[in-house]
J.: 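One structure, as structure tokens, below. Some questions next.
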Amino acid sequence: MLWLLCGPCGAMDSQALVIRIKIPDGAAVDWTVHSAPQLLFRDVLDVIGQVLPDATTTAFEYEDEDGDRITVRSDEEMKAMLSYYFSTVMEQQVNGQLIEPLQIYPRACKPPGKRNIHGLKVNTRAGAGSAPEALPSNSLKKSSAELKKILANGQMNEQDIRYRDILGHGNGGTVYKAYHVRSGKILAVKVIPLDITLELQKQIMSELEILYKCDSSYIIGFYGAFFVENRISLCTEFMDGGSLDVYRKIPEHVLGRIAVAVVKGLTYLWSLKILHRDVKPSNMLVNTRGQVKLCDFGVSTQLVNSIAKTYVGTNAYMAPERISGEQYGIHSDVWSLGISFMEIQKNQGSLMPLQLLQCIVDEESPVLPAGEFSEPFVHFITQCMKKQPKERPAPEDLMGHPFVVQYNDGNAEVVSMWVCRMLEERRAQGAQ
Ligand code: ATP
Ligand code: MG
């Protein structure tokens, strides 16, 4: 078998890679690519053409961790696929698992002739590959359905979790990168110490039930929660790009796509009558696949109250009406959305001091300097940060705002490439 050692964004120490080409009837061909960084989309189509000579293949697909098929039609999309694959290889290496080939599924315009699936042979360009072997189609990987069953069955418990790195500390607790033994999955586990009665613990668990029903690609996946002694652990999907608070001055074409995802995530929550209540950059997560997801929204009033008893709950992203103790509504989430994106684009790395919060209540809202940012972006932020809650955009107005419309093209690759580049830079800086 191969294997390559590489960074999650394709910074390969070794150059080899095995691509398993899956054929419609269930067989598969393994293709060893010795020079992965030089691999072009066209090369892959060439090889597929040799495996399936009767089919006109114009694209291929790979499966993400949820089992969804992602189409690859260009070099850029292939880079995103390789980034994603290499990040899964890293996970497998960390967990001491057998590293699996990259599985791809040719997308043919014309179905291949039956004869092509027997006695498979492929000759790749000189130096580009080695002879393939036909393989059974069953994968070593746990199917995503199986995984979802394990994860969503309320079967999460401390015994199955191996805590690894600390991803960060918040006001209420600590977030760990963890390995779930039974599913072989990497998770983010937030552990919050809470001294509360059994009755309150049960109430929190039942309030968290709604998280299992949240089904949006803009909301962090929830796998389960459990209490051990005086602490609750909340298990969620791990996002390898981390949260937006560590990124500054994001190019506007990237930021625009991120903002669209955040608006869609909020709109989804509002449609379920859930207010986020803690919209801020550290609760907006990104990954190398270009996904953007919201986390830490307040579905459990009891959990929010219990944490608030231990920690003072004021932050610089709160809307003026909230600081003044008035009623919280969708509009307050919209304020926090605006101030979050303003904060991300500001040069300085820190939030405004807490004493300035009172200025937000008493004085004019801060505005972004014109000239430095595009007019639609400045307008978007200004609208979200209107002092009067009713003057801020309603959900449908947010989706229709020119800044959102401009970037609402579903182009995750832009975000994916940017996250990969930032992680590479961070790694390079760390290595210095
Ligand atoms: P607060 O407690 O005030 O909400 P916070 O959001 O920074 O602040 P936590 O929610 O505890 O604090 O998160 C700590 C850090 O852990 C975050 O800043 C983020 O970088 C990281 N993190 C949280 N969830 C995930 C996740 N699912 N995947 C990857 N990183 C995560
Ligand atoms: Mg958080």
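Just so you know, ligand 1 is whichever comes first in the structure, and atom 1 is the first atom listed for that ligand.
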J.: By number and element, which atoms of ligand 1 are closer than 4.0 Å to a non-hydrogen atom of Thr236?
T.: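 Reading through ligand 1 atom by atom, the close ones are 27 (N).
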J.: Quick one about Tyr85 and Glu100 (side-chain donor to acceptor, distance below 3.5 Å, no hydrogens or angles considered), yes or no?
T.: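 Their side chains do not contain a donor-acceptor pair, so the 3.5 Å distance test is not met.
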J.: If you measure from each non-hydrogen atom of Asp296 to ligand 1, which part falls under 4.0 Å: side chain, backbone, both or neither?
T.: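 Contact part for Asp296 vs ligand 1: side chain (C-beta onward).
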J.: Consider only side-chain N and O atoms of Asp278 and Asn283, and report whether a donor and an acceptor are under 3.5 Å apart.
T.: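 Asn283 and Asp278 do have a side-chain donor-acceptor pair below 3.5 Å.
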J.: Under 6.0 Å from the six-membered ring centre of Tyr84 and within 45° of its axis: does the NZ or CZ of Arg289 meet both?
T.: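 Satisfied, under 6.0 Å and within 45°.
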J.: Measuring from atom 6 (O) of ligand 1, which candidate in Gly173, Ser282, Pro281 has the nearest non-hydrogen atom?
T.: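 That would be Ser282.
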J.: Crowded around Asp215 CG? As in, over 12 foreign heavy atoms under 6.0 Å?
T.: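 Count not over threshold, so no.
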J.: Which of the numbered atoms in ligand 1 are below 4.0 angstrom from a heavy atom of Asp278?
T.: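 The atoms of ligand 1 under 4.0 Å from a heavy atom of Asp278 are 4 (O).
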J.: Can Glu321 and Ser332 be said to form a side chain to side chain donor-acceptor pair (under 3.5 Å), step by step?
T.: CA-CA 8 Å; Glu321 66 275 13; Ser332 317; 2.9 Å; yes
J.: Are any of the heavy atoms in Lys280 under 4.0 Å away from ligand 1?
T.: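 Heavy atoms of Lys280 do come under 4.0 Å of ligand 1.
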J.: Among protein heavy atoms, which sits nearest to atom 9 (P) of ligand 1, and what does the distance come to when rounded to 0.1 Å?
T.: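 Of the protein heavy atoms, Lys190 NZ, 3.6 Å lies nearest.
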J.: In Å, rounded to the nearest 0.5 Å, how long is the span from CD1 of Ile339 to CD1 of Ile344?
T.: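 Atom-to-atom, Ile339:CD1 and Ile344:CD1 are 11.5 Å apart.
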J.: Below 4.0 angstrom from a heavy atom of Leu285, which ligand 1 atoms are there? Numbered from 1 as shown, please.
T.: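 Here the atoms of ligand 1 in question are 25 (C), 26 (C), 27 (N), 31 (C).
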J.: For ligand 1, which atoms, with element, lie under 4.0 Å from some heavy atom of Gly170?
T.: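 Atoms satisfying the 4.0 Å criterion: 2 (O), 8 (O), 9 (P), 11 (O), 12 (O).
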J.: I'd like to know whether the aromatic ring centres of Trp418 and Tyr247 sit less than 6.0 Å apart in this structure.
T.: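 Here the rings of Tyr247 and Trp418 have centres that are less than 6.0 Å from each other.
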J.: Nearest to atom 30 (N) of ligand 1, what protein heavy atom do you find, and at what distance?
T.: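 Ranked first by proximity to atom 30 (N) of ligand 1 is Leu167 CD1, 3.7 Å.
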J.: With heavy atoms under 4.0 Å as the rule, classify the contact between Asn171 and ligand 1 as side chain, backbone, both or neither.
T.: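 For Asn171, backbone and side-chain atoms both sit under 4.0 Å from ligand 1.
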J.: One pair to check against salt bridge (charged side-chain N to carboxylate O under 4.0 Å, His left out): Asp296 and Arg277. What are the steps and the verdict?
T.: CA-CA 9 Å; Asp296 289 349; Arg277 294 175 188 272; over 6 Å; no
J.: Please list, chain by chain and in numerical order, all residues satisfying salt bridge (charged side-chain N to carboxylate O under 4.0 Å, His left out) with Arg73, sequence neighbours excluded.
T.: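 Arg73 satisfies salt bridge (charged side-chain N to carboxylate O under 4.0 Å, His left out) with Glu77 once adjacent residues are dropped.
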J.: Out of Gly168, Cys235, Gly221, Ser243, indicate the one that has the non-hydrogen atom closest to atom 18 (O) of ligand 1.
T.: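 Going through Gly168, Cys235, Gly221, Ser243 one by one, Ser243 has the nearest heavy atom to atom 18 (O) of ligand 1.
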J.: With the Mg ion (ligand 2) as the centre, enumerate protein N/O/S atoms below 2.8 Å in chain and residue order.
T.: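 Metal shell, protein only: Asn283 OD1, Asp296 OD2.
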J.: Nearest protein heavy atom to atom 24 (N) of ligand 1, by residue and atom, and its distance?
T.: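 Answer for atom 24 (N) of ligand 1: Val175 CG1, 3.8 Å.
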J.: Would Lys264 and Asn408 satisfy side chain to side chain donor-acceptor pair (under 3.5 Å), going step by step from the backbone distance to the final call?
T.: CA-CA 10 Å; Lys264 287 184 177 173; Asn408 189 10; 2.8 Å; yes
J.: For atom 27 (N) of ligand 1, which candidate among Glu237, His169, Met239 provides the closest heavy atom?
T.: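 Among Glu237, His169, Met239, the closest heavy atom to atom 27 (N) of ligand 1 belongs to Glu237.
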J.: Below a 4.0 angstrom heavy-atom separation, can you tell me which part of Val246, side chain or backbone, both or neither, approaches ligand 1?
T.: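 It is neither; nothing of Val246 touches ligand 1.
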J.: Looking only at protein heavy atoms, which one is nearest to atom 26 (C) of ligand 1, and how far off is it?
T.: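 Checked against all protein heavy atoms, atom 26 (C) of ligand 1 sits closest to Ala188 CB, 3.5 Å.
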J.: Kindly check if the number of other-residue, nucleotide or ligand heavy atoms within 6.0 Å of CD (Glu396) is above 12?
T.: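 Yes.
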J.: Phe41 and Phe60: ring-ring contact (aromatic ring centres under 6.0 Å, His included), yes or no, with the steps?
T.: CA-CA 10 Å; Phe41 172 66; Phe60 56 88; 5.7 Å; yes
J.: Ring of Tyr62, cation from Arg69 - is the NZ or CZ under 6.0 Å from the centre and inside 45° of the axis?
T.: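 No, Arg69 does not sit over the ring of Tyr62.
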